[in-house]
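See structure below.
So that the names make sense, note that chain A is the first sequence line, chain B the second, and so on, each numbered from 1. When reading the values below, keep in mind they use all heavy atoms of this one structure, side chains included, and skip hydrogens, waters and symmetry mates.
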2 protein chains.
Amino acid sequence: MKKSEATRLTILQKAFELIYVKGYQTTSIDDILATTQVTKGAFYYHFKNKDEMGLAIISEILKPTMEIAFISPLQSLENPLVVIYDMMHHLLLENPFLKPEFGCPASNLIQEMTPWNTDFNNALNELTHQWEEHLIESLERGKQSGFVRKDVNARQVTLMVMSSYWGIRNLGKLDLGNDTYLPYLKELKSYLNSLH
Amino acid sequence: MKKSEATRLTILQKAFELIYVKGYQTTSIDDILATTQVTKGAFYYHFKNKDEMGLAIISEILKPTMEIAFISPLQSLENPLVVIYDMMHHLLLENPFLKPEFGCPASNLIQEMTPWNTDFNNALNELTHQWEEHLIESLERGKQSGFVRKDVNARQVTLMVMSSYWGIRNLGKLDLGNDTYLPYLKELKSYLNSLH
DNA sequence: TGTAAAAAATACTAAGCAGTATCTTTATGA
DNA sequence: TCATAAAGATACTGCTTAGTATTTTTTACA
């Protein structure tokens with residue numbers, strides 16, 4: 001990798017972590033420069049402004065990351081009810097990057113940016129719809145394979161799964177840790193079982 | 001009401017609306033002064049600093065508001081599964097103050113403030129636990145009255161209800177309006193029905 | 001009505017912010 | 001190797017921010 005590409009990438013990665021922890025608006029460019037050891041000249045060589053960097057983070061860091069953790073498991077042909085539960089379990093309890101106190105990066109950005117910035121809205125909307133579509137597809141496949149009852153509405157279930165995940169990440173910020181996640185996961189399991 | 005109490009209250013109310021729309025950190029004191037027509041001297045007469053105002057908003061505006069919309073319906077002795085569904089329906093579709101593009105005030109504050117400000121964390125934690133406790137109580141009563149299956153875990157269901165509500169408010173920010181809320185509500189209804 | 005405190009107005013400070021202008025260094029290819 | 005552009009460094013600007021200091025007005029009540 002060329003050196004300039006490397007600095008661009010470290011900016012994106014470190015800024016992503018800072019934004020995940022502190023929020024987008026309260027993460028200043030000077031914060032990013034301080035933690036990356038990059039100078040302002042270099043920063044503004046690579047990005048026209050802060051928002052352009054933010055959008056690059058979504059498309060070049062957040063999107064690929066989400067594809068690995070939120071979408072690729074859904075490609076499996078196993079029972080989607082099990083696949084979905086295992087994915088949630090992994091995201092909440094095992095994923096080493098995601099921390100209860102900081103919630104979910106995508107959900108945080110939606111909360112913070114979406115009402116005011118249409119570019120962020122569009123980028124995050126695309127991301128979300130991708131997850132939604134794959135969840136629906138996986139449930140529909142599950143209906144064909146007999147894992148899921150035929151009368152189940154895949155989009156409705158998808159909305160319940162997505163919303164409860166983002167909600168529990170929010171709730172988990174309050175009294176951190178597993179006293180929130182574990183009973184949630186138990187209920188998610190029995191909800192998913194009820195769809196068989 | 002004394003005039004000074006009135007200015008204090010308008011500060012709290014208008015600031016609450018601004019924060020609901022723009023977020024806490026990005027709502028400046030000058031913003032608040034501009035919309036309330038109050039001067040800085042008056043503001044700092046009533047509040048030691050911005051955070052003290054924020055905490056006053058939680059305890060004096062947000063808490064009473066939530067008690068009306070999120071808790072008092074749960075006092076009913078009717079079928080809690082119906083009561084809960086109707087409450088959600090009202091919150092998402094009929095409540096005149098809450099707008100899809102701005103999400104839920106409490107959830108927004110949790111997302112934004114909780115990882116960094118322990119005072120906000122405590123205040124919002126109390127608020128949330130109050131809602132949680134009343135939901136649990138109402139479901140337990142429903143178990144006694146035969147509205148809810150005895151093997152249902154009230155706390156688990158409560159976490160599913162709360163998290164999915166906050167999550168759908170987040171999701172609803174993306175493609176505003178009812179194409180998200182309506183199918184969510186349908187699924188919520190069938191989930192709640194499955195608890196009978 | 002006079003006076004003391006409550007309430008509010010005004011002007012300011014110091015720090016932080018995104019972004020710019022200008023300069024220096026490093027890489028690249030003829 | 002040398003000219004040219006890419007990449008990065010430094011110093012600055014103009015603006016916004018939370019909060020303070022000081023003064024003025026309003027209120028309450030003896």
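- Aromatic ring orientation, A:Phe47 versus A:Phe43: tilted (interplanar angle from 30° to 60°).
- Set against C:dT20, C:dC17, C:dA8, the side chain of B:Ser4 has C:dA8 as its closest nucleotide.
- Between C:dA8 and B:His46, a contact under 4.0 Å exists linking OP1 or OP2 to a side-chain N or O.
- Checked against C:dA8, C:dA18, D:dA9, the side chain of A:Ser28 finds its nearest nucleotide in C:dA18.
- A:Leu92 and A:Val82 sit in two unconnected hydrophobic clusters of ILVMFWY residues. Membership requires side-chain heavy atoms under 4.5 Å apart, directly or through other members.
- Looking at A:Ser28, its side chain does come within 3.5 Å of a backbone N or O of A:Asp31 through a donor-acceptor pair.
- Because its NZ or CZ atom is both nearer than 6.0 Å to the ring centre of A:Tyr24 and within 45° of the ring axis, A:Lys50 counts as a cation-pi partner of that residue.
- C:dA18 atom P lies 15 Å from atom CZ of A:Phe47, rounded to whole Å.
- With the nearest nucleotide of DNA chain C identified for both A:Ile29 and A:Gly41, A:Ile29 has the one nearer the 5' end.
- For the pair A:Asp51 CG and C:dC17 C1', the computed distance is 14 Å after rounding to whole Å.
- In this pair, B:Phe70 and B:Trp131 present their aromatic rings perpendicular. The plane angle is above 60°, beyond the 30 to 60° band.
- Nucleotide D:dA18 holds its P atom 15 Å from the CD atom of B:Glu52, rounded to whole Å.
- Atoms NZ (B:Lys50) and P (D:dT20) sit 15 Å apart, rounded to a whole Å.
- For the pair B:Phe43 CZ and C:dT10 P, the interatomic distance rounds to 17 Å; values are reported in whole Å.
- Comparing C:dA8, D:dA18, C:dT20 by their nearest atom to the side chain of B:Tyr44 picks out D:dA18.
- What separates CG of A:Leu33 from C1' of D:dT10 is a distance of 12 Å, to the nearest Å.
- For B:Lys3, whose side chain is taken as the heavy atoms from C-beta onward, the closest listed nucleotide among C:dA11, D:dT10, D:dT27 is D:dT27.
- Across the protein-nucleic acid pair, A:Lys48 atom NZ and C:dA18 atom C1' stand 13 Å apart, rounded to whole Å.
- Computed from coordinates, the B:Ile11 CD1 to C:dA8 C1' distance equals 10 Å when rounded to whole Å.
- Nearest nucleotide to the side chain of B:Thr39, out of C:dT10, C:dG19, D:dA18: C:dT10.
- Relative to the side chain of B:Lys40, the nucleotides D:dT20, C:dG19, D:dA9 differ in distance, and D:dT20 lies closest.
- Considering only the side chain of B:Asp30, D:dT17 comes nearest among C:dT10, D:dT17, C:dT20.
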